[in-house]
Amino acid sequence: MCPDSAKTFYLDNREIPFKEGQTVFDAAMTAGAYIPHLCHNPDYEPHSSCRLCTVIVNGRPFASCTQPAVAGQMVQSDTPELREMRRMLTQMLFVEGNHYCPSCEKSGNCKLQATAYELGLQDNHFPQFFPKRERDASHPDILLDRDRCILCGLCVRVSRDIDKKNVFAMTGRGIHTVIVVDSPSGELKDSKATAQDEAVQHCPVGALLLKGKGFEVPIGERIYDKASISVHSVEAFQAREAVHG
Amino acid sequence: MSSVLETATNPRDLKRVVIEPVTRVEGHGKVTLLLDEQNRVHQVRLHIVEFRGFEKFIQGRPYWEIPVMVQRLCGICPVSHHLAAAKAIDMFVGARKLTPAAEKLRRLLHVGQMLQSHALHFFHLASPDLLFGFDSEVERRNIVGVIAAHPDLAVQGVKLRKYGQEVIRHIMGKRVHGTAAIPGGMNKALTATERDLMRRDIAQVVAWSRAAVALSRTVFETSEHSPVFGNFPSNHMSLIGEDGELDFYDGGLRARDAEGATIFDHVDYIHYNRHIREEVKPWSYMKFPFIIGKGEADGWYRVGPLARLNTCDRITTPLAEAERQGFRAAAGGGLQHATLAYHWARMIEMLHAAEEIERLLDDPDLLGTDLVTRGAKALEGVGVVEAPRGTLFHHYKINEDEVVEKANLIVSTTNNNQAMNEAVRQVAARYLDGKKLTEGLLNHIEVAIRAYDPCLSCATHALGKMPLQIELLDAEGLLLDRLVKGADGTLSCEPV
């Protein structure tokens, strides 16, 4: 058996070392190769639902956040076809929700917006759906704005696995899928959610927000003012690896 | 003061002339004239036919979003909407009195915007009319013509605006549609480096502003049009400071009638709706505000630079105050009612803005880092500022969930609605009555509207680029004459 240090695969013809059990995504990010992603937060278990991190492994598409790295495999990520697919997926996310970046307090800190910039989106291409979604402002500290939800499921997973509260779940099918709240009234104010919950802290878009904090961080000091999402994600991933290994 | 030309007695017997759209006006405005067989004017209306709906779609949004969302009303004076909304949401968090640093940053931001907006209007939009004549050849009556004929002046205009935009950028992070005001204060302290960058050019900005005042005064005093072009008595209203001084950011409401007598004074603006009501007319999407105590017919008023200089007792900066005294003296001690005096007043305000920037940059409070204050929460908030074009009201109600239930905005142009109609009527009656339509005559009407720098024009400000068509019909509805201005500004008389 090869020692860990000898295991590598090829990502866009670049040799990437990996450790046993690492995913293609993790190994790539450790090596400084950014793979676009939205539903995956490296602090939590991967979910492979947004499909933005899809790569071609030995000729077949896989979500890199859940695909184990295998020595010698040939992986393509930065190809015209995959870039176009990611652009299209992101455009569809924009049109099936109501994303008004100009007045959104998440602007500059939003992974969807930053990914769109990274992918070079110039427009939404598809017609807007303008869905009618209920907003839940009942909680004294938390705002649930379903208009901005991209159904990444992170809040569902984190509330279940980390906060151990199961506050959030998804209901409905297809385009009618929405986030719902576990409480007698169905409203956040009657749920177990608190402002300290990790599920509330890590929404990649502006769907779950702490109330009254909007625009406190000035332009120029927001996350993606300082670095593009590709640079920021890799740096954050590598810093996390340095701490946790 | 009610207008005799608002509604004709027998409109069916009259021919209709339409100017649609009005050029250099953002969105869609049109002017309609009803003429008899001798081309005598019987009815003139400025219609604002666009519809925005901000008051509706702000409903249901969390209150801290409001200043950032509503600033999108405008591309030129977003800072005014941002600050008026910010003052309203300050009340939601019980912070009507801000920290010194926060208030002075907001004031600096506001005068920065006043400077750039006034410079934009005077140099880019109005100066072609004022320098070349209302009916001068259309080919040169634009900013390119100004650059060719008066290059130094044109460059000054561009640089004045740029300076104001830089002030905004240092505070809001962007020149247009940034972020700054948050509930109870501001989100960023000014650094010494940023302050020093603004200090570097301010002396030149003050000097250019003085020259602009001199130019606007000369134009007004030497123009044959000034005494008669849209010169009509009206009420005037604005915010004024505690001692009656010109104040763009805060203060009480003061209104004066046409003779200069005080109608109300130092009114706390949160009670604005005890003194002002809005009338709706079926032929325009824009409401017609009036002073309740004067009634619908006689209660309409003017706002903006002319009104502010008519209502205030003094200006706190010395150069602008000296100019204000000259301005008032020219009116013979009474109020100045000439529409074309708006330009002169606007430049005096620009000079004040430049001086105020200079003063604030020397204020040690400006670099303070205590930027947010909070108090007892409330569910209703009113914010009022003096925007470049006049008094701007923002009024919101939120519910216990902290989302907006009701919003009411009275923007500057709305306040001037009746006044602009009046100006157009005066000009039409004086200059178009019985005449064959020409591009130059058409421009007289636009000059009258343009003097008010209506907020409708904030987003476009594209000189002479909007298509326009005027048709002259006889009493039987037969088309007699048609004048068409294409999107490239070319004029053509289409065969009838």
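The basis for the numbers below is simple: all heavy atoms, side chains too, and nothing from hydrogens, waters or symmetry mates. Sequence lines set the chain letters: A, B, ... in the order given, protein chains first and strands last, and positions in each chain run from 1.
- For B:M186, no part sits under 4.5 Å from any heavy atom of chain A, backbone or side chain.
- Salt-bridge formation is detected for the pair B:E65/A:R148: a Lys NZ or Arg NE/NH1/NH2 atom is positioned less than 4.0 Å from an Asp or Glu carboxylate oxygen.
- Summarising the geometry of A:F215 relative to B:N187, their closest heavy-atom pair is O-ND2, 3.0 Å, with the distance given to 0.1 Å.
- The number of heavy atoms from other shown groups lying within 6.0 Å of CD (A:Q128) is above 12.
- The two residues A:L143 and B:P62 make their nearest non-hydrogen contact at CD2-CG, 3.8 Å.
- For a heavy-atom cut-off of 4.5 Å, chain B lies close to A:P102, A:S103, A:E105 in residues 94-113 of chain A.
- In summary, B:D401 and A:K211 do not engage in a salt bridge, as defined by a charged side-chain N under 4.0 Å from a carboxylate O.
- Crowding of B:K159 atom NZ: a count of heavy atoms from other residues, nucleotides or ligands under 6.0 Å not exceeding 12.
- Contact annotation for A:D136: neither backbone nor side-chain heavy atoms come within less than 4.5 Å of a heavy atom of chain B.
- For B:Q113, the side-chain hydrogen bond (donor to acceptor under 3.5 Å, both in side chains) partners at least two apart in sequence or on another chain are B:S80.
- Other residues, nucleotides and ligands place no more than 12 heavy atoms under 6.0 Å from the OH atom of A:Y117.
- Ranked by heavy-atom pairs shorter than 4.5 Å toward chain B, the options A:P218, A:S138, A:G214 are led by A:P218.
- With a 6.0 Å radius and a threshold of 12 heavy atoms from other residues, nucleotides or ligands, A:Q238 has its CD atom above the threshold.
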Q.
Go through it in stages, so that I can follow the logic: the residues are A:D145 and B:R61, the test is side-chain contact (heavy atoms from CB on, under 4.5 Å), and I'd like the CA-CA distance, side-chain angles, deciding distance and then a yes or no.
A. CA-CA 9 Å; A:D145 189 343; B:R61 300 307 311 169; 2.8 Å; yes
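- Proximity to chain A (any heavy atom under 4.5 Å) is shown, for B:P183, by neither the backbone nor the side chain.
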